[in-house]
Amino acid sequence: MCGRFAVKSSLEQLKKDFGAEESENSDLSSVSLPSFNIAPGSDILILVFEGLRKFKKAKWGLVPSWSKEPKTPYSMINARAESLAEKPSFSLPFRKRRCAVIADGYFEWKKEGKEKIPYYIYAKNGKSSAFAGIFDIWSGEDEKTIMSVAIITIEAQNETRFIHNRMPAFLGQKDIDMWIDNSSYNREALESVFEKNRETTLAFHRVTKKINSPAFNLPECIEPAEKEN
DNA sequence: CCAGACGTTGTT
DNA sequence: GTCTGG
DNA sequence: CCAGACGTTGTT
DNA sequence: GTCTGG
């Protein structure tokens, strides 16, 4: 799965890397960048297509538009690729509200008995990367609206399966435009993105347990670390 | 038809 | 155990 | 995802 | 909104 991730570039750098501008109707001031330890519930940076590539913010943890309250008892931080088209909460976002979640890599905890060992896993090829995401927009009474997002997960590659059996779906630069273009919906073409993840070369290493606390947010989060006690 | 749920992960 | 906050 | 808190009443 | 269960 993917319950924590990192973005190591500044907003200015990301604008260049992705050829995107800030959306006029999204306030990015609550999105912290770079951020080496991003937890569910945070405001994160997503890339959408509105004629041009635009950056917007979204709360990580999907809140469907029909929710009574702008939260779910158990936040939907991930969405299984295999069930995107079928699940009521995901089908509409999958057809009309796809986005890219700006991310360099993610954290995963490998369980060894009672111990949990954190790893950082990232795409080795390419500079900046992103995950496939779906978003939704929740509207309350007043003017309040909340844009929220879920990260799509797929089977983990063989190389990382020993850590965990699920991983986020990476979007190569070539896949991004097709994925975020919500003017058309071609299920097979979209799902081919998940297959291509077989070719994404991943690298990984152990990191410090300090990342367990979301409050620890320094470059050290994604640096290789030795065994700890 | 209406009412009620709508999720992932891991663990048992 | 279970929920909230980060 | 993990870490950390979790409650009422009355009195100061 | 959309699907499932009764």
Side-chain angles (χ1 to χ4, degrees), chain A residues 1-7 30-45 57-98 101 103-122 131-140 145-156 160-169 182 185 187 194 204 206-218 221-222 225 228:
Chain A
M1 69 180 309
C2 175
R4 211 74 83 77
F5 68 94
V7 178
S30 59
V31 179
S32 117
L33 291 169
S35 188
F36 301 94
N37 196 352
I38 301 171
S42 308
D43 284 338
I44 64 176
L45 191 69
K57 79 164 174 203
K59 192 178 170 63
W60 185 16
L62 194 72
V63 180
S65 59
W66 41 261
S67 295
K68 292 192 180 73
E69 296 296 318
K71 58 179 178 182
T72 45
Y74 211 92
S75 277
M76 295 190 270
I77 62 173
N78 294 146
R80 289 176 66 88
E82 299 86 338
S83 61
L84 282 179
E86 280 78 28
K87 296 291 183 183
S89 301
F90 300 152
S91 61
L92 189 147
F94 181 44
R95 276 180 282 121
K96 300 182 189 304
R97 291 173 177 170
R98 297 179 304 276
V101 174
D104 286 299
Y106 64 102
F107 298 101
E108 200 72 79
W109 283 261
K110 174 178 169 54
K111 289 190 177 175
E112 288 187 3
K114 290 179 181 175
E115 203 183 5
K116 287 184 185 175
I117 298 163
Y119 287 82
Y120 178 63
I121 306 166
Y122 58 100
F131 302 146
I134 51 175
F135 65 92
D136 211 341
I137 300 167
W138 181 88
S139 299
T145 65
I146 297 172
M147 184 179 261
S148 63
V149 62
I151 293 170
I152 293 163
T153 62
I154 59 178
E155 274 289 300
T160 61
R161 277 195 75 89
F162 80 100
I163 305 172
H164 191 76
N165 67 332
R166 304 287 301 176
M167 64 177 257
N182 289 302
Y185 169 75
R187 182 173 171 178
F194 308 138
F204 56 87
R206 199 166 171 155
V207 293
T208 174
K209 284 183 181 174
K210 291 177 194 168
I211 71 150
N212 287 9
S213 172
F216 185 75
N217 192 329
L218 296 172
C221 290
I222 62 173
E228 295 169 305

Asker: Can you check the L84(A) CG to dC6(B) C1' distance for me, whole Å?
Answerer: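 Distance check: L84(A) CG to dC6(B) C1' gives 15 Å.
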Asker: Using a 3.5 Å cut-off and no angle test, enumerate the donor-acceptor pairs between side-chain atoms of residues 36-43 of chain A and protein atoms at least two apart in sequence or in another chain.
Answerer:
unit_1 : atom_1 : unit_2  : atom_2 : d
N37(A) : OD1    : R4(A)   : NH1    : 2.8
N37(A) : ND2    : I211(A) : O      : 3.0
N37(A) : ND2    : S213(A) : O      : 3.3
N37(A) : ND2    : F216(A) : O      : 2.8
S42(A) : OG     : A39(A)  : O      : 2.6
D43(A) : OD2    : S30(A)  : OG     : 2.8

Asker: Tell me: CZ of F36(A) to C1' of dG6(C), nearest whole Å?
Answerer: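 Taking CZ of F36(A) and C1' of dG6(C), I get 17 Å after rounding.
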Asker: Using a 4.0 Å heavy-atom cut-off across all strands, classify N37(A) as base, sugar-phosphate, or nothing.
Answerer: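 Nothing: the residue N37(A), judged by heavy atoms under 4.0 Å, touches no strand.
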Asker: Can you tell me, in whole Å, how much space there is between the P of dT8(B) and that of dT4(E)?
Answerer: 14 Å
Asker: Working to the nearest 0.5 Å, report the span between SG of C2(A) and CG of N78(A).
Answerer: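 Here the rounded value is 6.0 Å.
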Asker: Work out how far the P atom of dG5(C) is from that of dG7(D), and round it to whole angstrom.
Answerer: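 Here dG5(C) and dG7(D) have their P atoms 12 Å from each other.
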Asker: Hey, can you tell me if Y185(A) and F94(A) have their rings parallel, tilted or perpendicular (30° and 60° cut-offs)?
Answerer: perpendicular
Asker: For dT8(B), does either OP1 or OP2 sit under 4.0 Å from a side-chain N or O belonging to R80(A)?
Answerer: no
Asker: Which is true for F90(A) with a 4.0 Å heavy-atom rule: it touches a base, it touches only sugar-phosphate, or it touches nothing?
Answerer: sugar-phosphate
Asker: Once you apply a heavy-atom cut-off of 4.0 Å, does S42(A) come out as touching a base, just sugar-phosphate, or nothing?
Answerer: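 Touches nothing.
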Asker: Select one nucleotide: of dT8(B), dT2(E), dA3(D), the one nearest the side-chain heavy atoms of S213(A).
Answerer: dA3(D)
Asker: E86(A) CD to dT8(B) P: how many Å, rounded?
Answerer: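 In whole Å, dT8(B) P and E86(A) CD are 11 Å from each other.
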Asker: With side chain to side chain contact (heavy atoms under 4.5 Å, CB included) as the test, pick out the partner of I137(A) among V63(A), I146(A), T145(A).
Answerer: T145(A)
Asker: Distance check: side-chain N/O of T153(A) vs OP1/OP2 of dT9(B), anything under 4.0 Å?
Answerer: yes
Asker: With the side chain of W66(A) defined as its heavy atoms from C-beta on, choose the nearest nucleotide among dA3(D), dG1(E), dC1(D).
Answerer: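 Shortest atom-to-atom distance from the side chain points to dG1(E).
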Asker: In whole Å, what separates the P atom of dC6(D) from that of dG4(B)?
Answerer: 35 Å
Asker: Mind checking what makes side-chain hydrogen bond (donor to acceptor under 3.5 Å, both in side chains) contact with R187(A), not counting sequence neighbours?
Answerer: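 R187(A): side-chain hydrogen bond (donor to acceptor under 3.5 Å, both in side chains) contacts with E86(A), E191(A).
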Asker: In this structure, how many angstroms lie between the P atom of dC1(D) and the OH atom of Y119(A), rounded?
Answerer: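 So the OH-P distance, Y119(A) to dC1(D), works out to 18 Å.
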Asker: Calculate the interatomic distance between K210(A) atom NZ and dG6(C) atom P; express it in whole Å.
Answerer: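 Rounded to the whole Å, the gap is 22 Å.
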Asker: Test of understanding: with side-chain hydrogen bond (donor to acceptor under 3.5 Å, both in side chains), list the residues that count as partners of N212(A), not counting sequence neighbours.
Answerer: W109(A)
Asker: Ignoring backbone atoms, test whether S83(A) places a side-chain nitrogen or oxygen under 4.0 Å from the OP1 or OP2 oxygen of dT8(B).
Answerer: yes
Asker: Using whole Å, what does the distance between atom C1' of nucleotide dT11(B) and atom CG of N165(A) come to?
Answerer: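 The answer, rounded to whole Å, is 12 Å.
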Asker: Taking the minimum atom-to-atom distance to the side chain of N212(A), which one of dC2(D), dT2(E), dG1(E) wins?
Answerer: dC2(D)
Asker: Just compare dT9(B), dT11(B), dC1(D) and give me whichever is closest to any side-chain atom of I77(A).
Answerer: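 Nearest to the side chain of I77(A) among the choices is dC1(D).
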Asker: Please classify the nucleic acid contact of S89(A) as base, sugar-phosphate, or nothing, using heavy-atom distances under 4.0 Å.
Answerer: sugar-phosphate
Asker: For DNA chain D, what is the dot-bracket line, given that a base pair needs Watson-Crick (N1 to N3, plus N6-O4 or O6-N4) or G-U wobble (N1-O2 and O6-N3) geometry with both distances under 3.5 Å, and | means paired with another strand?
Answerer: ||||||......
Asker: Are dC1(D) and W109(A) stacked, with the base six-membered ring and the side-chain ring centres under 5.5 Å apart and planes under 30°?
Answerer: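 W109(A) vs dC1(D): stacking no.
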Asker: Quick one: which of dG1(E), dC1(D), dT8(B) gets closest to the side chain of L92(A)?
Answerer: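 Comparing dG1(E), dC1(D), dT8(B) against the side chain of L92(A), the answer is dG1(E).
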Asker: Look at E108(A) together with R166(A) and state whether they make a salt bridge at an N to O cut-off of under 4.0 Å.
Answerer: no
Asker: According to a strict under-4.0 Å criterion, is K116(A) in side-chain N/O contact with OP1 or OP2 of dC1(D)?
Answerer: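 For dC1(D), neither OP1 nor OP2 has a side-chain N or O of K116(A) closer than 4.0 Å.
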Asker: What pairs with S91(A) under side-chain hydrogen bond (donor to acceptor under 3.5 Å, both in side chains), at least two apart in sequence or on another chain?
Answerer: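 If we apply the side-chain hydrogen bond (donor to acceptor under 3.5 Å, both in side chains) test to S91(A), skipping adjacent residues, there are no hits.
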Asker: With sequence neighbours left out, what residues match S89(A) under side-chain hydrogen bond (donor to acceptor under 3.5 Å, both in side chains)?
Answerer: none
Asker: Of the nucleotides dC1(D), dG1(E), dA3(D), which one has an atom closest to the side chain of P88(A)?
Answerer: dG1(E)
Asker: Counting heavy atoms from C-beta on, name the nucleotide in dT9(B), dG6(C), dT8(B) closest to the side chain of P40(A).
Answerer: dG6(C)
Asker: Atom CD of E82(A) to atom C1' of dT9(B): distance rounded to whole Å?
Answerer: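 That distance rounds to 13 Å.
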Asker: To the nearest Å, give me how far apart CG (L218(A)) and C1' (dG6(C)) are.
Answerer: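 In whole Å, dG6(C) C1' and L218(A) CG are 15 Å from each other.
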